[in-house]
Protein chains: 2
Amino acid sequence: MSKVTIYDISKKLNISAATVSRALNNNPKISPKTRELVLKTAAEMNYEQNTLALALKSGKSNTVGILVPYVDRNFFSSVIRGIEEELYPHGYHVIICQTRDDAQSEVQNINTLLNAQVDGIFMSVSKTTKDTSHIDRVLQKKIPLVFFDRKKNIPGVSSVTIDDLNGAYMSVEHLIRQGCKQIAHFMGDINLEIYKNRYNGYLKALTDYNLPFNKDYVIRTNSKAESGTAAVKKLMRLPSPPDAIFSSSDFTALGAIQELKKNGIRVPEDICISGFSNEPFTQYTDPTMTTVDQTPIKMGKMAAQVFLEQMGGEISVALEKKVVLSPQLVVRDSTNRSMG
Amino acid sequence: MSKVTIYDISKKLNISAATVSRALNNNPKISPKTRELVLKTAAEMNYEQNTLALALKSGKSNTVGILVPYVDRNFFSSVIRGIEEELYPHGYHVIICQTRDDAQSEVQNINTLLNAQVDGIFMSVSKTTKDTSHIDRVLQKKIPLVFFDRKKNIPGVSSVTIDDLNGAYMSVEHLIRQGCKQIAHFMGDINLEIYKNRYNGYLKALTDYNLPFNKDYVIRTNSKAESGTAAVKKLMRLPSPPDAIFSSSDFTALGAIQELKKNGIRVPEDICISGFSNEPFTQYTDPTMTTVDQTPIKMGKMAAQVFLEQMGGEISVALEKKVVLSPQLVVRDSTNRSMG
DNA sequence: TTGTATGCGTTATCAT
DNA sequence: ATGATAACGCATACAA
C-alpha cells in the first residue's frame with residue numbers, strides 16, 4: 001500500500017516512533033547504528049514523509065501563493081516562472097490564483113490562501129482594488145507579503161517593481177538620438193502608477209533635451225491595438241504630425257504601425273515607434289519593434305529572494321524592502337534609422 | 001490574534017468542540033438554536049477552518065499539481081488557466097511545477113507532489129521521459145492522473161489531447177482549396193506523437209485530393225524560426241519549388257515567411273504558408289499567419305472535468321478516459337489568395 | 001541514546 | 001442533541 005508512516009517503521013524495528021523521527025531528521029542525539037538502520041528500512045519500505053502532518057505540527061506549509069490577474073499573460077507567467085525557479089530549491093511549492101482583475105476575487109483568494117496556511121504571498125494588485133483590509137489581514141497574521149509590478153503603498157509590505165520612469169526616459173532619449181524632434185506619447189491609465197511614471201519619464205526626457213512639450217502629442221490609450229490605430233489617425237491629422245511615438249504599450253504601438261503602413265507611411269524612415277513590455281510578438285512584427293523589457297523572470301526571482309530574506313530573519317520583524325529593477329531598452333528596427 | 005480554533009469557540013460557549021464542529025459542518029444532528037449560536041460567535045471571532053488539519057484528518061488536501069515544461073510558454077499557461085478556472089469553484093488549489101523538459105526533474109516534482117498529498121496530478125510529459133516508474137507510483141497511490149497534450153500510453157491514465165491529424169488535414173485541405181497543388185511540409189520530431197500525427201494528416205489530405213507525394217517537399221525541422229529559413233531555402237532551390245507550405249510549427253512558418261519576403265517572393269500570392277499552434281504572434285506577423293488553434297484553455301477545462309469525474313466516482317475504479325479535442329483552423333492572410 | 005507522552009486542529013465514533 | 005475520546009502523522013519536551 002501507499003501509507004507507510006514512521007510508526008510502521010518503528011514497529012518493524014521494535015523501536016519507538018520518536019527514534020525513527022530523529023533518525024530521519026538527522027537529529028544528533030542518536031546512535032549511528034540505529035540511524036543507518038532506520039534510514040535503510042525507511043528506504044526499503046518506501047517511506048515518504050507526510051508533508052501535511054509536518055505542516056500541521058510546525059505551522060509551516062512550505063507553500064507560497066501567487067496572485068495574478070491572469071496566468072496566461074506573458075508578463076505574469078514569466079514572473080511566476082522566476083518565483084518558482086528561485087523557490088523550488090528551497091523546498092517551496094507555488095500555488096497559483098487568478099484574480100481576473102477583480103477586487104472581490106482577490107479578497108476571496110487571499111482568504112483561501114490564508115486558510116491553506118501558506119508561508120508567504122506574492123501578488124500583483126488587481127486594477128479594481130480599493131479597499132485593502134484583506135491585505136491588512138495578511139499582515140496581522142505575520143505572513144510575508146511581496147508585491148510585484150502593481151503595488152499598493154502599505155507600510156510593512158515589500159515590493160519589487162521596475163523603474164518605469166527610467167524605462168520611458170531611455171526610450172525617448174533613444175528616439176531623440178535617432179534624430180527625432182517631435183515625439184508623441186501614447187499614455188495609459190495614469191491612475192495606475194506605472195503609466196504615470198512612464199508619462200513622467202517622457203516629460204523628463206523632453207525637458208532634459210530641450211524639446212518643447214506639445215499637449216496634442218499626448219494621446220490617452222488603453223492597451224489594445226485598436227486604440228493605437230485610432231490614436232495614430234488623430235496624430236497624423238495634426239498640422240504638424242510627430243516624427244516619433246513613444247507608446248506605453250506594445251499593443252498600441254503595433255496598432256499604430258499597422259495603420260501607418262496601410263497609409264504608406266514608412267516606419268522607421270518617416271516615423272519612429274517604440275513600445276513597452278517586450279511582448280514576445282514584438283520581435284516578429286514588421287518592422288521588428290523597439291521596446292522596453294521589464295525583466296519579468298528577474299522580477300520573480302527578486303521577489304522570491306525578498307521573501308526568503310523575510311523568512312530567514314526574525315519572525316516578528318516585518319522588514320519592508322522596496323526593490324526597483326532597471327528595465328532594459330531593446331532596440332529593434334522600428335526606431336533604427338541607420339539600417340540603410 | 002490569528003489562530004482561533006473550534007476549541008476556542010467551544011470554551012467561550014461552554015459546549016464541546018465536537019458540537020462546534022457539527023454546527024460548522026451543517027451536521028443534521030444538532031439543534032437549530034446552538035447551530036445559530038455557534039455560527040454567530042464563529043463569525044464574531046473571525047474563525048477560519050484550518051485546512052491543513054482537515055487535510056490531515058481526511059486525507060484530502062483539495063490541491064492538485066500541474067507539471068509543465070515551462071509555465072511561461074503560452075500554450076501551457078493557457079492550459080493552466082483553463083484548469084484553474086474550472087477547479088477553483090470546486091475549492092481546489094493549483095500547484096505549479098516546471099520540469100524544464102527534464103525527466104529527472106519530472107520525477108522529483110512528482111515525488112514532492114505525492115508527499116504534499118495532492119488529490120490529483122495533471123501533466124504534459126517531458127520530452128526526455130523514457131522510464132515511467134514515477135507515473136506508476138502515482139497510479140499505485142490511486143491518485144487521479146490526467147495527461148494533456150503530451151501523453152504516454154499507460155493503461156488507466158486519462159488524457160486530453162487534440163486531434164493533430166485532423167488539424168493538419170484541415171490545413172492542407174484549406175491550402176488545396178486555395179488552388180495550391182504542390183504542398184510542402186515542415187515536419188517536427190516524429191518521435192513525438194503530435195508531429196507524427198500532423199505528418200499523417202498531411203499525407204491523408206494529399207491522398208484524398210489525389211495530389212502526388214513528393215519526398216523532397218518534406219523537410220525535417222525543429223521549432224525555431226532559423227530552422228524554417230533554412231528549410232525554405234532548400235525548398236526554393238528545387239527544380240520545381242512548392243506553391244504552399246504546411247508547417248507543423250508557427251515558428252518555422254515565421255522563419256520561412258521572413259526568408260521569402262527577403263527574396264521578394266510574395267506570401268500568399270506566390271506561395272501560401274500555414275503554421276500550427278496559434279501562437280499569439282501569428283496575428284501580428286506580416287502577412288498575418290494562418291494557423292491551427294489548439295484550444296488550450298478548453299483543453300485545461302476538459303482535463304479538469306475528467307479529474308472531477310474521477311473524483312466523483314468510485315475511489316478504486318481508475319476509469320480511463322481519452323478526450324480528443326477538435327482543433328480550430330484559423331485562416332489569415334498568409335494563405336488568403338482572394339484578398340485582392 | 002532512547003522511550004513516553006503530548007499537541008497541532010479537525011472530525012468520527014461511541015457513549016450519554 | 002451533546003460530550004468525551006480517539007485518530008490522522010509527525011516532532012519534541014521531558015523522563016529514563
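Quick caveat, the model's predicted, so the values are computed rather than measured. Residue numbering restarts at 1 for every chain, and letters A, B, ... go by the order of the sequence lines. The figures here come from the full heavy-atom set of this structure, side chains too, leaving out hydrogens, waters and symmetry mates.
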Test of ring centre spacing under 6.0 Å for F76(A) and Y70(A): no
Any S21(B) side-chain nitrogen or oxygen under 4.0 Å from OP1 or OP2 of dG9(C): no
Y7(A) or P28(B), whichever maps to the more 5' nucleotide of DNA chain D: P28(B)
Out of dT12(D), dG3(D), dG9(D), whichever nucleotide has its closest atom nearest the side chain of K3(A): dG9(D)
Closest to the I30(B) side chain, choosing from dA11(D), dT2(D), dT5(D): dT2(D)
Shortest side-chain distance from S16(A), nucleotide among dT4(C), dT11(C), dA11(D): dT4(C)
Salt-bridge criterion met for K12(B) and E44(B) (N-O under 4.0 Å): no
Side-chain donor/acceptor of S10(A) to backbone N/O of S16(A), under 3.5 Å: no
Closest listed nucleotide, where the reference is the side chain of T19(B) and the choices are dT2(D), dG9(C), dA12(C): dT2(D)
Whole-Å distance separating the CZ atom of R35(B) from the C1' atom of dT2(D): 16 Å
Any donor-acceptor N/O pair, R73(A) side chain to V71(A) backbone, under 3.5 Å: no
Presence of donor-acceptor pair under 3.5 Å, side chain of K57(B) and base of dT10(C): no
Check: F122(A) ring centre within less than 6.0 Å of F147(A) ring centre: no
Touch class at under 4.0 angstrom, heavy-atom based, for L56(A) against every strand present: base
Of the listed nucleotides dT1(C), dC10(D), dG9(C), the one nearest the side chain of T5(A): dC10(D)
Nucleotide dT10(C), atom P - distance to CD of Q117(A) in whole Å: 9 Å
Phosphate OP1/OP2 of dC8(D) contacted by S58(B) side-chain N/O (<4.0 Å): no
dA11(D) phosphate, OP1 or OP2, under 4.0 Å from Q49(A) side-chain N/O: yes
Given dA11(D), dT12(D), dT2(D), the nucleotide with the shortest approach to the side chain of L54(A): dA11(D)
Interatomic distance, E36(A) CD vs dT1(C) C1' [rounded to whole Å]: 16 Å
D119(A) (side chain) donor-acceptor with N62(A) (main chain) under 3.5 angstrom: yes
Rounded distance (Å) that lies between atom P of dT2(C) and atom CD1 of I15(A): 8 Å
Shortest side-chain distance from I6(B), nucleotide among dC8(C), dT11(C), dC10(D): dT11(C)
First of A18(A) and P32(A) reached from the 5' end of DNA chain C, by closest nucleotide: P32(A)
Rounded interatomic separation in angstrom, taking CZ from R22(B) and C1' from dA4(D): 10 Å
Atom-pair distance (CG on N115(B); C1' on dC8(D)), nearest Å: 16 Å
Residue Y47(A), side-chain atoms from C-beta onward, closest of dG9(D), dC10(D), dG3(C): dC10(D)
side-chain N/O N25(B) vs dT11(C) OP1/OP2, d < 4.0 Å: yes
Sugar-phosphate only, base, or nothing, as touched by L52(B) at under 4.0 Å among non-hydrogen atoms: nothing
